[in-house]
Amino acid sequence: MTDAIANRGPDSDGQWLDADAAIGLGHRRLSVVELSAAGAQPMTSAAGRYVLAFNGEIYNHMDLRDELAGCGRAPAWRGHSDTETLLAGFDAWGILATVERAVGMFAFSVWDREARALTLARDRLGEKPLYYGWQGSGRAAVFLFGSELKALRAHPAFGAHIDRDSLCLFMRHNNVGGRHSIYQGVHKLLPGSLLTVSQAGPEPVVQTYWSNAAAAQRGEAGRFNGSAAEAVDALEVLLKDAVRQQMVADVPLGAFLSGGVDSSTVVALMQAQASRPVKTFSIGFHEAAYNEAEHAKAVAQHLGTEHTEMYVTPEQALAVIPSLPSLYCEPFADSSQIPTFLVSQLARRHVTVSLSGDAGDELFCGYNRYSLTASLWKRLSVVPRPLRRALARGLTSLSPDRLNRMAAYTPLARRWANVGDKLHKGAGVMTAGSVAELYRGMVSHWPRPEEVVLGGVEPTTVLNDPAPALAGLSDAERMMALDLQTYLPDDILTKVDRAAMGVSLETRVPFLDHRVVEFAWQLPMEYKLRKENKGYTTKWALRQVLFRHVPKALIERPKMGFGVPIDSWLRGPLRSWAEDLLSESRLKREGYFNPAPIRQKWAEHLSGQRNWQHQLWCVLMFQAWLVGQAPVQSDI
């Protein structure tokens, strides 16, 4: 099982077994802090009670050591690893109280030899993955857990039955989200959770120790009441401290730099606290609509970083595609997985740890859909739905390319890149009956996945559960909160973790220090989405922090996604590959999809009538993953 995920820890491996208790822990090590054998895992606590296999970093672990010393509970330290610090905390305070004190990203398993119980834990926002589940039956049943599904698949008890309901989730959101996995009987531990299981209590008991929804509602109830300048000052102090803690490593460290607000802020605060030029990395594309490298280079030159960039050819990007199914180990179809892997690969040639600017959009109202959905609903709700349907048909009768040309000389082109694609996506949700339905449409790829997945029923999630939640938040804030619970861990963090760990690169996300998250929820919306002379400014407070370090002129431009031209590739160099995976005979033979809607979208895409790249990429990534999973036991 550990060999299957050797890429996550290429430096060493270890196993700890207790045959009498029928428990085994395995660990693969990527040495980042405490490079000596004193950091080897699985590790036993000084008192001998706990055995820990830990993935991640505890950024405040030296502060925890000071606290242990202050209360007379510090052991005779063997080294300076955060794993040893956690174990000392478990001995002194217990598992829950230690986790609540910890600032960091992590997934771990700890065996309590006294209570004969296993505890699994995952960090507050879901930076590190953790799968678990009972497999086998009767006396042969085994409780399996690991950082990736490929570790579980290596066990002989693993059943590998594909869950068609989870496949419905994948088709809607391009990932298998929440507590679900693509396999029956296997789950993800949700962020901010602890799970306990034992032979005496084999049914897993899950408890939440931190909740983004609760943090959002606490923030709404206790708003920051200082001035705008005070808010920016406080935010900068918090972010600088988060960045400072995350720069601690015993190996070379750098940062991804796209030249956008988020990554530029992280790099600026790194360079402000560094004694030498920070190593920064970006990739560029020769297609102008996808290229941010020139902006990243300008920011790097201003800050004085040691910048490395690489312009990627279509051939280099296409060469990544065959490795995606094994890299992600369950279907995953955010096509920005390709450039994310390439920039990780570039960074790993120079560093072992890279900081990133992820989560700035979700925390500070950066995505266009937040302001667009809220304002769009105010306008749409007064227009009769039949009229909205007619308008949607009119928009989609024109190809995205033609809409781009028509919008080229309008204010739309100055605010958004790829206007045609955005108008097509907007047209698809114009007939919504509520702002919640409108938002769900915005984050959906196949809006009716049960019509595509044979025998599948879409599970209830926080996005389709009618139960009231997130009371008191505005429409835009509710979308941000939902993204932090769903899109961020299920898409963004999954994408970055698998791409980076695929090349044995550790990534760290300063914006996800939970103290930063909790402060962001306290900020009033006018400090995030601010009305100014030329309209609304997104991420206002964060921009003000950045503009103390980088001139506004280097940053202010239309927001771009981190993507690749999948749409044109599917009509060109990927066409034969896609045609094979999407052939009607193949889809019928495998028995997971209804071929008709897929074939229709494929024909419309090839003709240029519509851009169905996201919907088709979902199908293609499942199909490619399915090929790599053989032999898989079908449930039909």
Side-chain angles (χ1 to χ4, degrees), residues 1-16 25-43 51-59 61-62 78-87 102-110 120-123 126-131 145-152 154 245-256 279 281 323 326-329 340-356 358 493-510 512:
M1 292 174 72
T2 55
D3 287 348
I5 54 171
N7 56 286
R8 297 189 74 90
D11 297 327
S12 65
D13 69 324
Q15 294 82 36
W16 178 89
L25 301 180
H27 185 264
R28 294 292 318 198
R29 187 180 183 199
L30 176 64
S31 300
V32 172
V33 173
E34 180 55 87
L35 307 185
S36 77
Q41 298 186 51
M43 186 183 292
V51 186
L52 175 65
F54 170 75
N55 174 34
E57 302 291 342
I58 304 299
Y59 303 123
H61 86 98
M62 296 306 293
R78 292 165 281 178
H80 64 273
S81 76
D82 49 0
T83 308
E84 189 180 3
T85 305
L86 277 181
L87 283 165
V103 178
M105 59 168 186
F106 51 84
F108 67 72
S109 58
V110 58
L120 306 182
R122 192 175 179 201
D123 63 69
E127 289 187 62
K128 287 299 178 184
L130 187 49
Y131 293 87
F145 54 92
S147 293
E148 295 188 27
L149 285 172
K150 58 171 69 90
L152 278 64
Q245 287 191 338
Q246 297 193 24
M247 289 174 68
V248 175
D250 295 334
V251 292
L253 175 142
F256 300 142
K279 297 177 186 294
F281 306 94
S323 66
S326 61
L327 193 65
Y328 284 86
C329 77
T340 302
F341 176 80
L342 290 167
V343 75
S344 298
Q345 192 176 56
L346 173 66
R348 188 62 178 94
R349 296 172 191 154
H350 305 270
V351 299
T352 307
V353 178
S354 184
L355 273 62
S356 85
D358 292 311
L493 298 180
T494 297
K495 173 185 67 180
V496 174
D497 174 82
R498 304 307 192 279
M501 295 307 291
V503 293
S504 305
L505 176 74
E506 177 175 288
T507 51
R508 300 176 178 179
V509 187
L512 292 183

**Student:** Which pair of non-hydrogen atoms, one from Val503 and one from Arg348, has the smallest distance, and what is that distance?
**Tutor:** O-CG, 3.1 Å
**Student:** Report the C-alpha separation of Leu512 and Leu493 in whole Å, then their side-chain angles, then the decisive distance to 0.1 Å, and conclude whether the side chain to side chain contact (heavy atoms under 4.5 Å, CB included) test is met.
**Tutor:** CA-CA 11 Å; Leu512 292 183; Leu493 298 180; 3.8 Å; yes
**Student:** For His61 and Leu86, run side chain to side chain contact (heavy atoms under 4.5 Å, CB included): C-alpha distance rounded to whole Å, both residues' side-chain angles, the deciding distance at 0.1 Å, then the answer.
**Tutor:** CA-CA 8 Å; His61 86 98; Leu86 277 181; over 6 Å; no
**Student:** How close do Val351 and Pro252 get, counting heavy atoms only, and between which atoms?
**Tutor:** CB-O, 3.5 Å
**Student:** Does any non-hydrogen side-chain atom of Val33 lie less than 4.5 Å from one of His80?
**Tutor:** yes
**Student:** Quick one: CG on Leu25 to CZ on Phe54, what's the gap to the nearest 0.5 Å?
**Tutor:** 14.5 Å
**Student:** Do Phe106 and Asp82 touch side chain to side chain, with heavy atoms closer than 4.5 Å?
**Tutor:** no
**Student:** Please examine the side chains of Arg8 and His27, heavy atoms only from C-beta on, and report whether any two atoms are closer than 4.5 Å.
**Tutor:** no
**Student:** Any heavy-atom pair between the side chains of Thr83 and Phe108 that's under 4.5 Å?
**Tutor:** no
**Student:** Set out, in order, the CA-CA distance, both residues' side-chain angles and the distance that settles side chain to side chain contact (heavy atoms under 4.5 Å, CB included) for Lys128 and Met501, then state yes or no.
**Tutor:** CA-CA 11 Å; Lys128 287 299 178 184; Met501 295 307 291; 4.0 Å; yes
**Student:** Measuring from Leu130:CG to Leu120:CG, what's the distance to the nearest 0.5 Å?
**Tutor:** 5.0 Å
**Student:** Assess the residue pair Arg78 and Met43 against the criterion (side chain to side chain contact (heavy atoms under 4.5 Å, CB included)); give the C-alpha distance rounded to whole Å, side-chain angles, the decisive distance to 0.1 Å, and a yes or no.
**Tutor:** CA-CA 11 Å; Arg78 292 165 281 178; Met43 186 183 292; 4.1 Å; yes
**Student:** Hey, does Leu253 have a side-chain heavy atom less than 4.5 Å from the side chain of Ser354?
**Tutor:** no
**Student:** Quick check: do Lys495 and Tyr328 have side-chain heavy atoms less than 4.5 Å from each other?
**Tutor:** yes
**Student:** Output the distance between atom OG1 (Thr340) and atom CG (Leu327), rounded to the nearest 0.5 Å.
**Tutor:** 10.5 Å
**Student:** Under a 4.5 Å cut-off applied to non-hydrogen side-chain atoms, are Ile58 and Thr85 in contact?
**Tutor:** no
**Student:** To the nearest 0.5 Å, what is the distance between CZ on Phe256 and CG on Leu505?
**Tutor:** 5.0 Å
**Student:** Please report the closest heavy-atom contact between Phe145 and Met1, naming both atoms and the distance.
**Tutor:** O-CE, 4.0 Å
**Student:** Mind checking the OG1-CG spacing from Thr2 to Asp13? Nearest 0.5 Å is all I need.
**Tutor:** 5.0 Å
**Student:** Counting only N and O atoms by type, is there a donor-acceptor contact under 3.5 Å from the side chain of Gln41 to the main-chain atoms of Arg29?
**Tutor:** no
**Student:** A side-chain contact here means heavy atoms from C-beta on lying under 4.5 Å apart; do Glu57 and Gln246 qualify?
**Tutor:** no
**Student:** Indicate the atoms forming the closest heavy-atom contact of Gly254 with Phe281, along with that distance.
**Tutor:** CA-CE1, 4.3 Å
**Student:** Does Val353 offer a backbone N or O that forms a donor-acceptor pair with the side chain of Arg508 under 3.5 Å?
**Tutor:** no
**Student:** Asn7 and Ala4: which non-hydrogen atoms are nearest, and at how many Å?
**Tutor:** OD1-O, 4.1 Å
**Student:** Which atom names give the shortest non-hydrogen contact between Thr352 and Ser31, and what distance separates them?
**Tutor:** CG2-O, 4.5 Å
